[in-house]
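Side chains included, hydrogens not; waters and symmetry mates left out as well; all remaining heavy atoms used. For this chain, numbers begin at 1 and follow the sequence in order.
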Amino acid sequence: MQNIIHPKLKKSLNSWFEEKFDSLTLPFYSSIDLRNSGYKIAPIDANLFPAGFNNLSEVSKAIAVELMKSYFKEKQHKKILIIPENYTRNKMYIENVFAIERILQLAGFETRIGLLHNETYNLIEPYETVVKENSLLKTTSGFVPDVVVLNRDMTSHIPDTLENLKQEIVPSPLYGWHSRQKFQYFEIYQKLASELCSEFQIDPWLISAPTESCSSVNFNDDSSLETVAAKVDQVLSLVQKKYEEYKIKTQPYVFIKASNGTYGMGIITATSGEEILSLNKKKRNKMKKIKEGIEVSSVIVQEGVPTIDVFEHSPAEPLIYYIGNTPTCYLYRYNSRKDIYSSLNSTDCKFHDVSQIVENKTLSLWNTVSKLAVLALAVEMRSFHT
């Protein structure tokens with residue numbers, strides 16, 4: 001698998017990436033979910049508001065400290081306010097917020113955690129209540145940040161308090177799932193993968209998962225299901241041809257995912273369009289709503305990539321955390337209750353920082369594909385400002 005991208009290409013690849021990133025604003029932070037089947041490796045999700053910083057080892061946190069310091073260096077910010085998710089009753093998520101706070105403090109910033117005035121029922125302690133006065137965000141104790149770091153993906157909307165501020169907000173609230181669509185992201189990624197692969201004589205299928213979209217979807221409507229089923233068969237047909245080309249014996253399958261989905265919600269698998277037409281009530285309900293009760297109205301149909309990665313005798317998948325366009329950490333998400341074909345992102349999953357134990361050849365492959373995924377995020381971000 002490592003031979004997809006030959007080590008001799010490293011210097012040329014670095015130059016290609018430098019040129020591509022040159023005119024783009026980099027994401028403050030991001031995380032990329034990869035799946036490696038042994039015959040291909042592809043990003044299956046890209047998050048601009050990553051949680052999970054509590055899973056970083058001390059070594060990875062130290063790298064994050066330096067990278068965050070570097071990210072803000074030119075702007076001379078001194079005070080940072082973190083605004084987390086508004087449903088915060090998940091203890092692991094709360095640990096993540098404290099981990100981000102600690103990393104920023106170690107990077108030399110005076111840092112506070114702020115909850116919007118109507119969201120102070122959360123379990124985070126200590127926190128400060130955030131208010132807006134004359135387009136300036138501050139806390140009721142008088143703390144006025146130079147920059148606001150968002151760690152909430154705003155599935156439903158941008159809160160009024162975060163609109164039209166004088167201070168910089170990273171990442172921008174414009175990038176929340178209220179406006180992002182997975183299909184738009186994967187369309188950008190596919191185009192960049194084709195460019196890179198054309199330059200270096202690689203089959204783009206080896207580093208991407210073909211993806212189609214279905215809009216105006218209602219999983220209780222039979223004609224809507226027929227549209228989804230047709231897309232499932234379309235993607236499976238394409239994948240089957242690739243399996244025959246590479247003599248792969250497994251049965252192809254797809255993931256159907258909410259296009260504005262997150263936290264592993266709104267995901268099912270299928271091995272034929274017929275399966276979609278005969279979906280049971282439980283699976284239909286699963287695809288009706290996602291986080292914050294938002295109704296699913298569009299989905300993507302994406303090639304399923306079985307994982308060959310194993311950790312603690314469980315199926316695993318790499319998560320690469322970035323600050324800007326530099327990797328800060330390599331985690332495994334692993335799940336003893338799932339098989340190699342399933343989405344591992346569920347309540348039973350666990351995480352482990354494997355940055356220090358993965359072979360360099362593997363890291364090099366993860367780096368190339370995940371960096372391409374971050375490049376796609378930077379291009380997607382630009383689209384919200386044009």
>> Evaluate Phe53 against Tyr321 for ring-ring contact (aromatic ring centres under 6.0 Å, His included), listing each step before the verdict.
In response: CA-CA 9 Å; Phe53 280 89; Tyr321 281 66; 5.3 Å; yes
> Hey, what's the ring geometry for Trp366 with Tyr332, parallel, tilted or perpendicular (30° and 60° as the breaks)?
Replying inline: perpendicular
> Do Asp353 and Ser355 get their side chains close enough for a donor-acceptor pair, meaning under 3.5 Å?
Replying inline: yes
> Going by distance alone, is a donor N or O of one side chain under 3.5 Å from an acceptor N or O of the other, for Tyr330 and Asn367?
Replying inline: yes
>> Before we go on, tell me: are the rings of Tyr29 and Tyr71 under 6.0 Å apart, centre to centre?
In response: no
>> Less than 6.0 angstrom from the centroid, inside 45 degrees of the normal: does Lys75 satisfy that with respect to the ring of Phe72?
In response: no
> Going by distance alone, is a donor N or O of one side chain under 3.5 Å from an acceptor N or O of the other, for Asn54 and Tyr93?
Replying inline: no
> Distance-only, no hydrogens or angles: does the Tyr39 side chain make a donor-acceptor pair with backbone N or O of Lys247 under 3.5 Å?
Replying inline: no
> With distance as the sole criterion, is a donor-acceptor pair present between the side chains of Trp205 and Glu245 under 3.5 Å?
Replying inline: no
> Sub-3.5 Å donor-acceptor pair from the side chain of Ser172 to the main-chain atoms of Tyr175, do we have one?
Replying inline: no
>> I'd like to know if the side chain of Thr111 pairs up with that of Glu101 as donor and acceptor (distance under 3.5 Å, no hydrogens or angles considered).
In response: no
> In Å and rounded to the nearest 0.5 Å, what is the CG to CG distance from Asn345 to Asp45?
Replying inline: 8.0 Å
> How long is the gap from CG on Leu377 to OH on Tyr185, to the nearest 0.5 Å?
Replying inline: 4.5 Å
> To the nearest 0.5 Å, what is the distance between NZ (Lys182) and CD1 (Ile44)?
Replying inline: 9.0 Å
> So, the side chain of Asn151 versus the backbone of Pro84: is there a donor-acceptor pair under 3.5 Å, distance only?
Replying inline: no
> Under 3.5 Å, side chain of Ser198 to main-chain N/O of Glu195, donor-acceptor pair present?
Replying inline: no
> Given the rule in the salt bridge (charged side-chain N to carboxylate O under 4.0 Å, His left out) test, do Glu110 and Arg112 qualify, once you have shown the distances and angles that lead to the verdict?
Replying inline: CA-CA 7 Å; Glu110 187 181 347; Arg112 308 283 169 85; 2.9 Å; yes
> Under 3.5 Å, is there a donor-acceptor pair between the side chain of Lys132 and the main chain of Glu163?
Replying inline: yes
> Can you check whether Ser208's main-chain N or O pairs, donor with acceptor, with Lys40's side chain at less than 3.5 Å?
Replying inline: yes
> Under 3.5 Å, is there a donor-acceptor pair between the side chain of Ser278 and the main chain of Glu274?
Replying inline: yes
>> Hydrogens and angles aside, do Ser298 and Gln181 bring a side-chain donor and acceptor to less than 3.5 Å of each other?
In response: yes
> With distance as the sole criterion, is a donor-acceptor pair present between the side chains of Tyr243 and Thr250 under 3.5 Å?
Replying inline: no
>> Using a 3.5 Å distance criterion without hydrogens, assess whether the side chain of Ser213 forms a donor-acceptor pair with backbone atoms of Ile300.
In response: no
>> Applying side-chain contact (heavy atoms from CB on, under 4.5 Å) to Phe183 and Ile188, what does each step give before you reach the verdict?
In response: CA-CA 9 Å; Phe183 181 66; Ile188 294 166; over 6 Å; no
> Is it the case that Ser15 and Glu19 place a side-chain donor and acceptor less than 3.5 Å from each other?
Replying inline: no
> Going by distance alone, is a donor N or O of one side chain under 3.5 Å from an acceptor N or O of the other, for His352 and Glu312?
Replying inline: no
> Any chance the side chains of Glu128 and Ser141 put a donor and an acceptor closer than 3.5 Å?
Replying inline: yes
> Can you find a side-chain donor-acceptor pair between Asn335 and Ser346 that sits under 3.5 Å?
Replying inline: yes
>> Apply side-chain contact (heavy atoms from CB on, under 4.5 Å) to residues Val144 and Leu136 and explain how you reach the verdict.
In response: CA-CA 8 Å; Val144 181; Leu136 206 62; 4.0 Å; yes
>> Keeping Glu85 on the side-chain end and Asp153 on the backbone end, is there a donor-acceptor pair under 3.5 Å?
In response: yes
> Between Phe351 and Tyr334, is a side-chain contact (heavy atoms from CB on, under 4.5 Å) present by the stated rule, with each step listed?
Replying inline: CA-CA 6 Å; Phe351 300 89; Tyr334 60 106; 5.6 Å; no
> Do any N or O atoms from the side chain of Ser31 and from the backbone of Pro50 form a donor-acceptor pair under 3.5 angstrom?
Replying inline: no
